[in-house]
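Naming convention: chains lettered A, B, ... in sequence-line order (proteins, then strands); numbering from 1 in each chain. A quick note: this is a predicted structure, and the numbers were derived from the prediction, not measured.
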Protein chains: 2
Amino acid sequence: MKPRTISHSLLGIVSLRPMSGYDIQKFVKENLGYFWKESYGQIYPMLKRMAGQGLVESRVERTNGKPDRQIYSLTASGNAELQKWLGEPAVLPSPRNELLLKLFFGRSGKTEDMRRHVEEFRARHESLSQQYTRVETWLHREHGRHPGLPYWLMTLDYGKRNSRMLLEWSTATLRTMDRLTKADNARTKKRTGRKGGEKP
Amino acid sequence: MKPRTISHSLLGIVSLRPMSGYDIQKFVKENLGYFWKESYGQIYPMLKRMAGQGLVESRVERTNGKPDRQIYSLTASGNAELQKWLGEPAVLPSPRNELLLKLFFGRSGKTEDMRRHVEEFRARHESLSQQYTRVETWLHREHGRHPGLPYWLMTLDYGKRNSRMLLEWSTATLRTMDRLTKADNARTKKRTGRKGGEKP
DNA sequence: ATGAGCATGTAACTGGTTACATGATTTA
DNA sequence: TAAATCATGTAACCAGTTACATGCTCAT
């Protein structure tokens, strides 16, 4: 009845191999970072709750000095829940793109500001593009025969295409902004008396 | 000192023209829907709070029968705050793409499920692509000379490119899935004895 | 010595969604 | 007559972030 609000990602991650909360956070950051994130404030309480529900089970691993590691692994019922979730349609992310929002109001702001936003955005995706390529090489080298690889490559391909597209968009947008600025300058010059002369 | 948590979008929207909370919701849904959203539960309390802070001011519009409309417009200090916000770098959306998450764990689920997810995703972006084209035509026709138009077109271009890219990705991904399934079938047949015969 | 990394966790907060309540008017 | 649209708003809830607390080990 209760519409299950567990962070199913944890089920999926723990299904790959047993992990501690710390491991999970690291794994997400390093491997799913370009389309997912989790914070400790979610992971630890959620793992406990899920253990209480029998979806995962933990075993303790002693360490030297550091706090004991709680290693969580998937139970049969956890796997059932994972299967169920994997079969349900993915809920689409609620759209909230602050860059586009600012750009939409661009006319009310300063042109240089808008240009800077797009340039920063462009730079981010340039570096992301390179990362994707590195990750792809690494994946093939380290996990070339892993049965999960084709799926990992699908998500990576998404990232690659996304960044490539956004680079193109940024370039086109910056070009448009150039034209806007030039047209503006021309008009200003005309109005202030010196030079001028495009189509009306 | 307090890191201003107002929904700056409201400032931007009200800067376009004075609006009521209801108008704002409608405007966002109809015009910014592909990259932004707001719910009444945010809009109404936030407008009141912002009025208290002097960022917007409201005037009452009597109506027949329906509740009076509170029309909000930007104040000078509201505009200052808007300018400030427009100049600050856009905070990037926290990555949370459930489709990719499921796909990443695809190997643990059913192939048909994954295929269905991608097909649904594809269909959505096909219809979105068409919407963008319609909106573009409409924008040129209705607001062909509006000074804000170039910026609106930039955000629209983002949407268009995005959907086009995702259509391509979907197609490529479905093709990969086909190949996977075929390879799987071939292997199964081989194992169960009948036929067979690819490279080792 | 300093800082990064390991490893756990909690509390307070912020942001946002959903469902509800109200009730008239217009359209199918 | 039913449903959609207009128009306001609140309360309860849920998800997620941030900052904090603790303290060891290892590399620079």
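- Of the candidates dG9(D), dG9(C), dG16(D), dG16(D) carries the atom nearest the R96(B) side chain, counting heavy atoms from C-beta on.
- Comparing I71(B) and S39(A) by the nucleotide of DNA chain D whose heavy atom lies nearest to each, the residue mapping closer to the 5' end is I71(B).
- Counting any heavy atom pair closer than 4.0 Å across all strands shown, Q70(B) reaches sugar-phosphate atoms only and no base atom.
- For P67(A), the listed nucleotide lying nearest its side chain is dT8(C); candidates were dT17(C), dT17(D), dT8(C).
- OP1 and OP2 of dT8(C) both lie 4.0 Å or more from every side-chain N or O belonging to Y22(A).
- Rounded to whole Å, the distance from NZ on K26(A) to C1' on dT8(C) is 16 Å.
- The CD1 atom of I43(A) sits 16 Å away from the P atom of dA15(D) (whole-angstrom rounding).
- Clustering ILVMFWY residues whenever any of their side-chain heavy atoms sit less than 4.5 angstrom apart, transitively, puts W138(A) in the very cluster that holds Y34(A).
- Protein atom CD of Q42(B) is 8 Å distant from nucleotide atom C1' of dT17(C), rounded to whole Å.
- Under the 3.5 Å distance criterion, with hydrogens and angles disregarded, no donor-acceptor pair is assigned to the side chains of D157(B) and Y132(B).
- Annotation: of the two residues near DNA chain C, G41(A) and T63(A), the 5′-most nearest-nucleotide partner is T63(A).
- Of the listed nucleotides (dT10(D), dT17(D), dT10(C)), dT10(C) has the atom at the smallest distance from the side chain of Y44(A).
- One atom, CZ of R69(A), and another, C1' of dG23(D), lie 17 Å apart when rounded to the nearest Å.
- For the pair W169(B) (side chain) and M154(A) (backbone), a donor-acceptor distance under 3.5 Å is present.
- Looking at T171(B) and R122(B), their side chains do bring a donor and an acceptor atom within 3.5 Å of each other.
- The distance between atom OH of Y40(B) and atom C1' of dT10(D), rounded to the nearest whole Å, is 15 Å.
- For I24(B) and dT8(D), the CD1 to P distance is 9 Å, given to the nearest whole Å.
- Within 4.0 Å (heavy atoms only), S20(A) reaches sugar-phosphate atoms of the nucleic acid but no base atom.
- Atom CE of M46(A) is separated from atom P of dT17(D) by 12 Å (rounded to the nearest Å).
- Taking atom CD of residue Q25(A) and atom P of nucleotide dC6(C), one finds them 11 Å apart after rounding to whole Å.
- Remark: aromatic rings of F104(A) and W36(B) are distant, center separation not under 6.0 Å.
- Between dT8(C), dT17(D), dC6(C), one nucleotide has an atom nearer to the side chain of K37(A) than all others, and that is dT17(D).
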